[in-house]
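Input: a single structure, listed below in structure tokens.
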2 protein chains.
Amino acid sequence: MARQVCFYHRTDLPGKARVSTRKPYDTPRLPLPDHDRSGMSRASDQAYAKIRAYLLSGEVRAGEQLTEEQLSQITGVSRTPVREAVRRLEDELLLVRSDTKRLFVADWSRDDIEEMFTLRQMLECHAAERAAQRLTREQVGALESVNRSLKAAIDQSPPDVSRFLEANRTFHEVIIDAAHSPRLAQLLAKLVEAPVVLRTARTYSPEDLRQSARDHDELVAAFAARDADWARAVMGSHLRRAFHTFAKTVGPATSDAEARER
Amino acid sequence: MARQVCFYHRTDLPGKARVSTRKPYDTPRLPLPDHDRSGMSRASDQAYAKIRAYLLSGEVRAGEQLTEEQLSQITGVSRTPVREAVRRLEDELLLVRSDTKRLFVADWSRDDIEEMFTLRQMLECHAAERAAQRLTREQVGALESVNRSLKAAIDQSPPDVSRFLEANRTFHEVIIDAAHSPRLAQLLAKLVEAPVVLRTARTYSPEDLRQSARDHDELVAAFAARDADWARAVMGSHLRRAFHTFAKTVGPATSDAEARER
DNA sequence: CGGGCGTTATTTGTATACAATAACGACGCG
DNA sequence: CGCGTCGTTATTGTATACAAATAACGCCCG
């Protein structure tokens with residue numbers, strides 16, 4: 001049980017030499033994204049949250065230029081933590097830099113969105129497959145419970161969309177966690193974050209919501225049966241349909257040849 | 001053909017109001033990783049390159065703690081660009097932060113490596129499939145040419161490993177480019193970078209190298225035939241074998257249950 | 001009227017000083 | 001002797017000033 005730790009040795013090139021033979025701080029093998037980090041205290045985290053909220057608020061249009069100075073004033077912190085936050089948002093593809101390092105609000109085309117959904121599907125199907133082989137009874141129970149909450153949100157009138165989205169997010173997170181593939185989780189985090197921008201304009205039809213709930217129920221059934229193939233298949237159709245309901249609100253498809261000219 | 005640009009409007013909350021109706025700088029839709037960026041001029045880029053070289057040099061051991069101050073002295077720039085560089089290296093999983101933000105050299109377990117190869121295989125098979133449908137005649141020619149260089153590197157005695165690695169890298173890059181999926185490229189970049197750390201200790205058997213070349217030849221054949229399934233299959237076995245030859249030099253596999261206790 | 005060129009102003013990049021946080025070590029108490 | 005507590009030191013985080021890069025503007029010339 002005693003996790004093997006990796007005793008460290010400070011080479012201390014220019015500073016004072018010092019060797020420690022005791023267990024230091026903590027020695028993560030591979031630390032993985034601070035997924036559940038509660039550390040929202042630091043200025044850069046606040047800046048991140050505020051800028052993100054600003055982008056999702058619709059006050060700012062896709063393609064618009066932003067400056068670090070502006071963001072610094074919006075967030076109330078100096079440019080240093082703003083730059084940190086901006087880097088994270090670039091990583092999530094909500095912000096974008098031109099080749100001369102000017103900052104813009106990302107503008108997602110329909111093809112960009114499809115690409116994103118395709119990748120997400122590929123990775124999340126894999127996650128579902130692995131999860132089916134690894135989920136504990138407790139985790140399956142958690143999924144059921146989350147899904148009850150999701151259905152409750154739908155059954156309200158009007159449906160509580162943000163509660164739905166929250167439950168949906170949690171549902172998928174549990175699966176990804178259960179896949180026990182930290183880097184998979186890391187890659188997915190990047191993909192899942194991005195399209196949230198677009199949800200501002202989204203309207204959710206009750207039927208879409210109910211179909212989602214049915215998909216989740218079937219996923220739970222697949223997990224309970226420990227049927228990896230089933231889980232993968234359901235996850236695949238779940239996400240692919242999600243793309244199409246999403247795409248209906250955007251534009252028609254572009255051919256690859258046209259897209260290449262952009 | 002005139003790409004539609006998104007004229008921007010500076011809201012300029014606190015500053016001077018100003019509206020421009022002319023095309024500004026440049027308006028990237030989604031800019032995508034500065035893959036080919038020649039911009040290695042800035043201090044943060046130099047810091048990145050130097051730190052990376054330092055990590056690969058073997059002067060520093062996995063699990064060892066580093067401080068921004070040390071890296072600042074090694075690179076000769078101040079902590080600000082060092083922090084920037086460190087963020088990039090964290091992203092590539094060469095560095096790692098503890099939950100209290102201390103910085104460590106990443107320590108990859110065999111399972112970490114397998115996980116990484118699995119993800120890479122999934123994504124790169126997809127890339128090969130797409131590339132088979134999209135590669136131009138010129139690109140196929142480029143692959144052939146690169147592969148000639150790769151074989152030349154092998155046929156030297158002793159084989160020129162770094163030239164081999166360079167050609168190999170280029171070969172895979174051309175395929176990923178041809179897949180026309182910028183976010184796929186971005187995800188793969190993250191995965192491909194990491195294991196390079198481990199190659200310091202790697203010895204490449206001539207037979208492994210030759211098999212790689214044969215795989216590449218078969219890939220080219222699949223591309224020339226525009227056979228997406230073939231390309232995907234060859235890429236899959238190519239990468240899976242790469243993992244096993246890689247793994248032979250590391251340790252035996254760990255069971256998932258054991259791994260969970262770490 | 002339009003297009004190139006130098007100047008100005010805006011924006012990003014870097015250095016440095018300082019603040020906040022976390023680890024270490026010593027001390028004191030049970 | 002173990003273990004919590006507190007002061008010290010090490011390390012990361014933030015603010016600010018300044019430097020470098022680059023886009024905007026006005027000017028001149030064709």
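Note on naming: letters A, B, ... go to the chains in the order of the sequence lines (proteins, then strands), and numbering restarts at 1 for each one.
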Note to self: Please confirm whether the shortest side-chain N or O distance from B:R83 to OP1 or OP2 of D:dG13 is below 4.0 Å.
What the structure shows: yes
Notebook entry, point to check: Is any side-chain N or O of A:T80 closer than 4.0 Å to OP1 or OP2 of D:dT14?
Noted result: no
Notebook entry, point to check: Can you check the A:E84 CD to D:dT12 P distance for me, whole Å?
Noted result: 13 Å
Checklist line | Spacing of B:D45 atom CG relative to D:dA21 atom P, expressed in whole Å | finding: 13 Å
Item checked: Nearest heavy-atom neighbours spanning B:A127 and B:A179 -> O-CB, 3.7 Å
Check: In whole angstroms, how far is the P atom of C:dA15 from the CD atom of B:E68?
Finding: 14 Å
Check: Are A:T100 and C:dT11 close enough that a side-chain N or O sits under 4.0 Å from OP1 or OP2?
Finding: no
Checklist line | Smallest separation among heavy atoms of A:W108 and A:L93, with atom names | finding: NE1-O, 3.1 Å
Notebook entry, point to check: What residue among A:R102, A:R83, A:R87 forms salt bridge (charged side-chain N to carboxylate O under 4.0 Å, His left out) with A:E68?
Noted result: A:R83
Check: Just by modelled atom types, is the B:M116 backbone N or O under 3.5 Å from a matching donor or acceptor in the B:R120 side chain?
Finding: no
Notebook entry, point to check: To the nearest Å, how far apart are B:R102 CZ and D:dT11 C1'?
Noted result: 5 Å
Checklist line | Rounded interatomic separation in angstrom, taking CD from B:Q70 and P from D:dA10 | finding: 13 Å
Check: What's the CZ-P distance between B:R97 and D:dT11, to the nearest Å?
Finding: 13 Å
Check: C:dT14 C1' sits how many Å from A:R79 CZ, rounded?
Finding: 10 Å
Next item on the list: Using atom CZ of A:R42 as one end and atom C1' of C:dT21 as the other, report the distance to the nearest whole Å.
Entry: 10 Å
